[in-house]
Every structure is written in C-alpha cells, then in structure tokens.
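The figures here come from the full heavy-atom set of this structure, side chains too, leaving out hydrogens, waters and symmetry mates.
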Amino acid sequence: MEKLSVFLVTGLSGAGKTVVADWFEDKGFYCVDNMPPSLIENFLELSRSSHHIDKVTIIIDVRGGEFFEDLATALEKLKKDNGVDLKILFVEASDKVLMRRYNETRRNHPLYMGVADATVIQKERELLSGIRKMSDYVLDTTGLRVAQLNQMLDKAFKDEVPNVPFTVNVQSFGYKRGLPEAADMILDVRFIPNPFYVASLKKLTGKNKKVQRYVLKHQVTRDFAGDLFALVKGIVPYYEKEGKNHLNIAFGCTGGQHRSVVMAETLGERFKKAGFQVTVMHRDIK
C-alpha cells in the first residue's frame with residue numbers, strides 16, 4: 001500500500017501560508033485549513049480509506065488557540081506512522097515585511113487580535129520555535145511576489161509534487177442571456193455563418209455532427225480556430241510564469257446553441273490533444 005503524501009504547512013501569520021496552500025491545491029492536493037491537531041490522525045485515516053484522496057495538505061497556525069499546543073505531540077506520532085509520508089513546511093518572513101502586510105490589509109494579528117507590531121510578532125516566533133525546529137523545509141517569503149513564491153515552490157518540490165497540466169476551461173454562451181461571469185477571454189463568434197437559418201439544423205445544437213460539419217466547412221471558421229489555438233498555446237507559458245494554472249475561454253453567439261457550442265467543442269478537443277487539462281461547458285444549451 002502506497003504511503004499517503006502529507007504536507008503540513010505552518011508558520012508565521014501573514015507570511016504567505018494561504019498562497020502556499022493554493023499552490024498545493026492547484027497540484028491536486030486535498031487541502032484542509034486550521035484543523036485541530038487532535039483530529040489530524042483520524043482525518044488521515046479517513047483519507048487513506050478513500051479511493052479519491054492520496055495527497056493531503058494541512059494548514060495549521062496559531063489561530064487554533066489552545067489546540068495549537070497539541071501540534072508537536074501529533075506530529076511526533078505521525079512521523080512514526082509507516083503509512084504516512086509527512087513533510088513539514090514552515091513559512092516565515094521578516095518582522096518589517098509582516099508588519100507592512102498587516103498594515104496594508106488592515107487586519108488584526110490572530111494571536112492577540114490587535115496590531116501586528118514587533119513585540120507581537122516576536123512572541124509568535126517564540127511560540128512557533130519548537131515546530132520550526134521540527135520542520136523539513138523553512139521558506140522565507142520576504143520580498144517575494146506571489147508569482148515568485150509559486151516559482152520557488154515549483155523548484156523546491158519538483159521531485160516530490162507531481163506537475164499538473166495547465167487547465168483550459170472552455171464554455172459556450174448566448175449574448176442574449178448576458179456575458180459569463182468568469183472568463184479571461186471572451187470570443188464573439190457571431191461572424192460565422194449561422195446554422196439557425198438552415199431549416200434542417202435550426203432545432204439541433206452544436207453538439208450535433210451535422211451542425212459541426214456546417215460550421216466547420218467555412219474557411220473563416222477553420223482559420224479562426226487555428227489562429228486562436230496557436231495564440232493560446234503560445235501564451236500559456238507566460239501565464240504559468242506568473243503563477244497562473246488555468247485559463248477560462250468563453251465563446252459567444254446569439255443564442256448559445258450552435259456556433260459557440262461548435263467552437264467550444266472543437267477548441268476543447270484541440271487543447272486536450274495538445275496535453276492540456278480541459279473542461280468544456282455549455283451555459284445556455286437547451
């Protein structure tokens with residue numbers, strides 16, 4: 001039986017644990033935030049019995065209050081568990097950077113629910129000193145932007161965390177029902193000849209082979225699909241460089257039944273063949 005891969009992320013408040021957790025989640029880890037240490041063992045036992053969870057990230061910090069005191073004991077026990085491959089990642093930053101981050105976000109420090117000054121941060125460092133010594137990795141985020149932090153994580157764990165293909169989420173929609181709420185690119189395909197005006201195709205949708213043949217027989221459609229595929233494939237590396245792991249593309253036609261559906265299906269298939277992880281959704285299809 002393979003070991004359950006577990007990364008426990010802890011460290012100073014404001015140091016970037018949320019960004020680290022997002023990185024692990026994008027890599028396919030099941031992430032749990034602020035779990036009481038006494039429940040970790042039971043949760044991992046449930047995870048091992050599941051057929052869907054083989055990688056877990058647990059974020060624990062001083063927000064747990066009195067529960068946090070049980071963490072060292074729980075970790076010592078887990079390190080002796082032959083069914084768990086445990087790695088502890090401690091995230092920290094300089095006092096000056098932590099104070100600036102709290103000042104910018106106007107949030108109270110969770111340890112004392114007050115201003116994050118040097119005294120409070122030093123007390124938190126002292127409280128976490130034992131866990132820091134137990135850690136397998138110590139990550140200093142001082143001066144790092146989110147993209148740089150993601151790149152550092154990619155480099156640090158390239159041999160331990162499997163790479164997940166870039167995800168392209170494709171959807172179709174109809175303009176008469178409004179624009180989609182979450183889209184990085186919105187492509188208007190109303191320039192393509194409309195199957196709606198062909199009697200035998202009017203009541204069908206873009207998922208039908210006859211409609212697809214009609215839409216794709218036009219040179220303008222094929223040129224558009226080829227140019228868009230080349231564009232997206234060319235810019236994906238730059239999205240990844242900035243720490244982004246997915247791109248949302250929406251194709252719109254008048255009713256969201258024919259042309260946009262064909263383009264979503266066609267480009268989705270091309271992206272999949274190119275090695276991307278792809279989802280295809282049709283918002284307005286009947």
Side-chain angles (χ1 to χ4, degrees), residues 22-23 25-31 51-52 146-147 150 154 162-286:
D22 290 342
W23 182 86
E25 191 167 42
D26 287 338
K27 297 298 182 182
F29 279 72
Y30 188 99
C31 295
H51 297 293
H52 306 290
V146 172
N150 285 328
D154 285 335
N163 190 36
V164 176
F166 188 88
T167 299
V168 180
N169 301 310
V170 185
Q171 71 167 305
S172 67
F173 72 96
Y175 275 96
K176 68 180 182 180
R177 293 181 175 82
L179 296 175
E181 294 183 0
D184 301 307
M185 290 184 179
I186 295 180
L187 289 308
D188 185 346
V189 297
R190 288 176 291 185
F191 62 87
I192 296 173
N194 195 350
F196 179 83
Y197 297 108
V198 179
S200 62
L201 305 178
K202 181 176 181 178
K203 294 184 179 181
L204 302 176
T205 74
K207 298 193 75 173
N208 185 280
K209 295 296 182 182
K210 293 180 180 179
V211 176
Q212 292 175 4
R213 284 196 294 270
Y214 176 85
V215 171
L216 294 171
K217 76 177 182 179
H218 301 286
Q219 187 64 45
V220 64
T221 308
R222 298 196 297 273
D223 289 345
F224 171 74
D227 291 344
L228 179 61
F229 174 76
L231 170 67
V232 173
K233 188 177 180 181
I235 63 177
V236 162
Y238 299 98
Y239 274 92
E240 293 178 314
K241 187 177 180 180
E242 289 300 312
K244 302 181 185 301
N245 297 288
H246 67 272
L247 179 64
N248 301 322
I249 304 175
F251 295 95
C253 61
T254 305
Q257 305 297 311
H258 299 98
R259 294 167 290 181
S260 62
V261 176
V262 173
M263 297 314 299
E265 290 284 335
T266 300
L267 269 300
E269 189 61 30
R270 286 200 184 187
F271 291 133
K272 189 178 298 183
K273 288 181 179 179
F276 296 112
Q277 187 167 287
V278 178
T279 67
V280 178
M281 185 190 77
H282 304 296
R283 192 190 73 179
D284 299 325
I285 198 170
K286 293 180 181 178

Calculate, to the nearest 0.5 Å, the distance between atoms CD1 and CG belonging to Ile186 and Asn248 respectively.
10.5 Å
Using a 3.5 Å distance criterion without hydrogens, assess whether the side chain of Asp284 forms a donor-acceptor pair with backbone atoms of Gly174.
yes
Between Phe271 and Phe229, does the ring centroid distance fall short of 6.0 Å?
yes
Are the side chains of Ile249 and Val168 in touch, meaning some heavy atoms are under 4.5 Å apart?
yes
Side chain proximity check, Cys253 to Phe196, heavy atoms < 4.5 angstrom
no
Any chance the side chains of Gln212 and Asn208 put a donor and an acceptor closer than 3.5 Å?
no
Tell me the closest heavy-atom pair linking Thr221 and Val215, and the distance in Å.
OG1-O, 2.9 Å
The criterion is salt bridge (charged side-chain N to carboxylate O under 4.0 Å, His left out); which residues satisfy it with Asp188, sequence neighbours excluded?
Arg190
Is it true that, when you exclude Gln219 itself, more than 12 heavy atoms of the residues, nucleotides or ligands shown sit nearer than 6.0 Å to its CD?
yes
Residue pair Phe276 / Thr167, side-chain heavy-atom distance below 4.5 Å:
no
Say you draw a straight line from NZ of Lys210 to OG of Ser200; how long is it, rounded to the nearest 0.5 Å?
6.5 Å
Do Asp26 and Lys244 sit within salt-bridge range, that is, some charged N less than 4.0 Å from a carboxylate O?
no
If we ignore angles and hydrogens, is there a donor and acceptor under 3.5 Å between the side chains of Trp23 and Asp154?
yes
Residue pair Arg259 / Thr254, side-chain donor-acceptor N/O under 3.5 Å:
yes
Can you see whether Glu265 engages His282 through a side-chain donor-acceptor pair at a distance of less than 3.5 angstrom?
yes
